[in-house]
Protein chains: 2
Amino acid sequence: MKVLIVEDDPLHRSYLHEAVRAALPECDDVIEADNGSSGEVQARKARSEHVVMDLQMSERNGIEAARTIWRERPDTKILFWSNYSDEAYVRGVARIVPEGATYGYVLKSASDERLKLALRSVFIESQCVIDREVRGIQQKSLGNAHGLSDAEYEILVDVALGLTDKAIAQRKRLSLRSVQNRLQQLYEKLDVYQPEGQGSEGWYNLRTRAVAVALSRRVLNTSALERAERDLQEELGS
Amino acid sequence: MKVLIVEDDPLHRSYLHEAVRAALPECDDVIEADNGSSGEVQARKARSEHVVMDLQMSERNGIEAARTIWRERPDTKILFWSNYSDEAYVRGVARIVPEGATYGYVLKSASDERLKLALRSVFIESQCVIDREVRGIQQKSLGNAHGLSDAEYEILVDVALGLTDKAIAQRKRLSLRSVQNRLQQLYEKLDVYQPEGQGSEGWYNLRTRAVAVALSRRVLNTSALERAERDLQEELGS
DNA sequence: TTTTGTCTTGCGGGATCCCGCAGATTTTGC
DNA sequence: GCAAAATCTGCGGGATCCCGCAAGACAAAA
């Protein structure tokens, strides 16, 4: 059994290496990669079916790497090991998991024990393991109340990229008014309407404020934006 | 001689501990804190004049912690040890360094040797040590061409917070038109005007696009925004 | 003093954004 | 199969944004 570790921080990488050795005695080969792209290459070359992957790496992040790995071998088992539980990451992962694939999502703040348990559960038992906290984010984001629907999220991303209503309409094949409708829903859910009545009327530019709020709530993060930006440029180029 | 380490990642913290021990034999006491606020408390209690500080910690980040530490004892020597060289961080640090204080800024990607050298230079020799790469950012940001002036940067932050032109004018005690002038400079420097002539006219909402570009160029980052947001709310509350 | 340059402010107008209203279309639930 | 709910769309208008033009303020250079 082979395990591939994709993690750009040397300290974390060697810690992971140690954890894998300890938790999986049946593992006879541990390979390391220090960024997303070399991770993809290693996975292809070594035909590894077991990957531990950091999100947030410079160059090519974990989500993109995981996507191409899964595209080539949908039965690969991937354990994501991340510092953060940003809604943007959770959404990003959920978006790329293939039908029936097994994966895990563990925070770096978890104990040794939890990490080792997750390694065994995912790689040996083929069981999905999602950290409690991450689970919470998932629930909330999909759950009714203040959670954004996929449609709203997509609009949010386009707005955050700096597109006009007209451009978004064209891109999403909607009428101008529909885009503006969705924007209004977005404003409501992100709660960007000021308290009203106080002297603070007209203080916020709703469009930009929505982006600011989304960022501070971690609904969006920089890496999600960068991914979207690349998609956009690609689309414009063609 | 006492050294205080402020770093939220346990692995990095123990690595730092080791490095301090090795580089500074004259140091007889190493204290640790795992986030900004407890770092401030520890610094106050232990009267430590030597601090190694991570930027980007949850709760209270390194810049805020350093600011209060320096406010209480401006002669404290602080070595910043960070993963990133975002312009936002560099600006943030530059903004809070007291007159004549000695400090350093080393990237986590630097070698053992470089870290130890920096520790000795800053703590023993009272010499400022700025990582080559960070230096580059400093030059560029202050330097003529595409670098933003302080005035432009402030406007950028206000826009990114989602404020209206009118609100910014009031906050900065400027006329509406002046704010818009600065915005135009900003748009030019951030290069948000589309290529023109192609079918891509009017694709970008300049205001939001400027924020997107600033984020992707790391002129802004989430932690800088959060700090600004807190300042804003405070100001609104009063 | 004059000149030059940078910064500020006012005016005006075209484009865009925000959104209420109302009819058309689709989806959902029973 | 039909009614209720949700979504999409066009129209219109007020507010804001983006910006060219030009006059005054102030500082540094000539």
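The figures that follow rest on heavy atoms only: side chains count, while hydrogens, waters and symmetry mates do not. Just so it is clear: chains get the letters A, B, ... in the order the sequence lines come, proteins before strands, and each one is counted from 1.
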Worksheet item: For DNA chain C, which nucleotides open and close the run of contacts to chain A, 5' to 3', at under 4.0 angstrom from a non-hydrogen atom?
Response: dT16(C) to dC21(C)

Practice prompt. Scan side-chain atoms only and decide if Asn221(A) and Asp86(A) contain a donor-acceptor pair under the 3.5 Å cut-off.
Written response: yes

Item to complete: Please assess Arg182(B) against Glu154(B) for the test salt bridge (charged side-chain N to carboxylate O under 4.0 Å, His left out), listing each intermediate value before the final yes or no.
Response: CA-CA 10 Å; Arg182(B) 291 195 179 169; Glu154(B) 301 236 320; over 6 Å; no

Worksheet, complete the sentence: On a heavy-atom basis, the closest approach of Val122(B) and Lys77(B) is O-CD, 3.5 Å

Worksheet item: Considering heavy-atom distances to DNA chain D, does Leu206(B) or Gln185(A) have its closest nucleotide positioned more toward the 5' end?
Response: Gln185(A)

Worksheet item: DNA chain C: Leu176(B) or Thr164(A), which has the more 5' nearest nucleotide?
Response: Leu176(B)

Worksheet entry | Donor on one side chain, acceptor on other, Gln127(B) and Ser121(B), under 3.5 Å | no

Output a table of donor-acceptor pairs, distance under 3.5 Å, between side-chain atoms of residues 96-105 of chain A and any protein atom two or more places apart or on a different chain; print 'none' if there are none.
{"from": "Tyr105(A)", "atom 1": "OH", "to": "Tyr84(A)", "atom 2": "O", "distance (Å)": "3.0"}

Practice prompt. Quantify the bending of the helix from dT1(C)-dA30(D) to dC30(C)-dG1(D) as the angle between its end axes, each fitted on five pairs, to 10°.
Written response: 40°

Practice prompt. Can you tell me the distance, in whole Å, between the CD atom of Gln180(A) and the C1' atom of dG10(D)?
Written response: 11 Å

Fill in: Between CG on residue Leu236(A) and CG on residue Asp231(A), distance to nearest 0.5 Å
11.0 Å

Practice prompt. Give Arg182(B) one of three labels, base, sugar-phosphate or nothing, depending on what nucleic acid heavy atoms sit under 4.0 Å from its own.
Written response: sugar-phosphate

Discussion item. What I want to check is whether the side chains of Gln138(A) and Arg135(A) have a donor and an acceptor closer together than 3.5 Å.
Written reply: yes

Discussion item. Counting only side-chain nitrogens and oxygens, does Ser175(A) get under 4.0 Å of the OP1 or OP2 atom of dT9(D)?
Written reply: yes

Practice prompt. Mind checking Leu174(B) for me? I need base, sugar-phosphate or nothing, with any heavy atom below 4.0 Å counting as a touch.
Written response: sugar-phosphate

Worksheet item: When you match Leu163(A) and Asn181(B) each to their closest nucleotide on DNA chain C, which lands nearer the 5' end?
Response: Asn181(B)

Worksheet item: Less than 4.0 Å between a side-chain N and a carboxylate O, is that true for Glu226(A) and Arg60(A)?
Response: no

